[in-house]
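Atoms within each ligand, like the ligands themselves, are counted from 1 in listed order.
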Amino acid sequence: MNSNMRPADMKRINTPALAEAFISEQTEQIRNQVGGKKVLLALSGGVDSSVVAALLIKAIGKQLVCVHVNHGLMRKGESEQVLSVFRDQMDANLIYVDATDRFLDLLAGVDEPERKRKIIGGEFINVFDEEARKLEGISFLAQGTIYPDILESDGVKAHHNVGGLPEDMDFELVEPVKLLFKDEVRVVGRALGLPASMVERQPFPGPGLGVRCLGAITRDRLAALRESDAILREEFGKAGLADKVWQFFTVVPDFRSTGVRDGKRAFDWPVIIRAVNTVDAMTATVPEIPWTVLQTITTRILAEVSGVCRVLYDLTPKPVGTIEWE
Ligand code: XMP
């Protein structure tokens, strides 16, 4: 039977007991496949790569080498969380690469959305490739391929996610969650002891904040984006909206508008709040957010985020507007 096909009698993993059974079966399989050799994994901190990392750490400990590339387009606290969970708590063999300057230098002045995506994806592979070449004795590459990736894109990890196999490197693949659906990956992640904030994470595009800092990315607008996004997430959390709204984030466009601050005219950026509900991301609706929550977020962004003088809520459903702005 094709090992990329989910067996007809495979149970949906939806309880901790089923997750435990899956974990012990997989750890044994991984040990059999890998033996005493080393495995490399690009660990972004997303649900899939995090669950694969936790599974491999359980199975083979320090034979797993994780590489976390910070492309400078992560949300506030995200790279720090990867370090604290995997290096500090799970004692993983983790290489952290802060490639912020490389990415932002390459992106300077580039305003075409698809070009930005290509640069980010391409540079990610370059950085990962360079790190892989510095390592000795790696025989396997682990990937967070999940079943929808196989169904939708011929077994290649998500069509527009960054990362991938360095082409001339001869690694055998380790893909322990390739027959699981997303909800099952989350159940397994919880059973492996990963924090809820990591396992329940909403989708976050591979190119990260890069597609939300509209047009040519600048460091000051990127900082405004990261801070406003953190405020939005905090306030949605406090208001109990974080697990009711499917995806939410802020966007900072590349135009400015007039404001008044401390009696003086200002010429600063707007921040746009985007929040959507959807089943499959093909269509999306915009939820009604309590006015008081929107007011609190607006007040906080205007007070705490420098360079911002206006806050907007995007009411556009998909279609016509896509979820992301670029
Ligand atoms: P759109 O904007 O097309 O988004 O309505 C649908 C879903 O896909 C996510 N998205 C991306 N994910 N790389 C990704 O990994 C990308 O380039 C990308 N663009 C959009 C988006 O966040 C939403 O969940």
Please report whether ligand 1 has a polar contact with Phe204, defined as an N or O pair separated by less than 3.5 Å (distance criterion only).
no
Return yes if a side-chain donor-acceptor contact under 3.5 Å exists between Glu123 and Asn126, otherwise no.
yes
Any nitrogen or oxygen of Arg212, main chain or side chain, under 3.5 Å from a nitrogen or oxygen of ligand 1?
no
Is the closest N or O pair between Gly206 and ligand 1 shorter than 3.5 Å?
yes
Give the numbers and elements of all ligand 1 atoms closer than 4.0 Å to a heavy atom of Pro207.
13 (N), 16 (C), 17 (O)
Which residues pass the ring-ring contact (aromatic ring centres under 6.0 Å, His included) test with Phe181, sequence neighbours left out?
Tyr147
Heavy-atom nearest neighbour of atom 19 (N) of ligand 1 within options Glu326, Lys318, Arg117
Arg117
Please work out which of Met282, Lys116, Glu324 has its closest non-hydrogen atom nearest to atom 22 (O) of ligand 1.
Glu324
Between Thr296 and Glu235, is there a side-chain donor-acceptor contact under 3.5 Å, judged purely by atom types and distance?
no
Mutual orientation of the aromatic rings belonging to Phe124 and His71 [parallel < 30°, tilted 30-60°, perpendicular > 60°]
perpendicular
Is the shortest heavy-atom distance from the side chain of Leu141 to the side chain of Val174 under 4.5 Å?
no
Ligand 1 contact on Ala284 by region, counting heavy-atom pairs under 4.0 Å:
neither
Between Trp246 and ligand 1, does any nitrogen or oxygen pair lie at a separation below 3.5 Å?
no
Looking at residues at least two apart in the chain, or sitting in another chain, which of them share a ring-ring contact (aromatic ring centres under 6.0 Å, His included) with Tyr313?
none
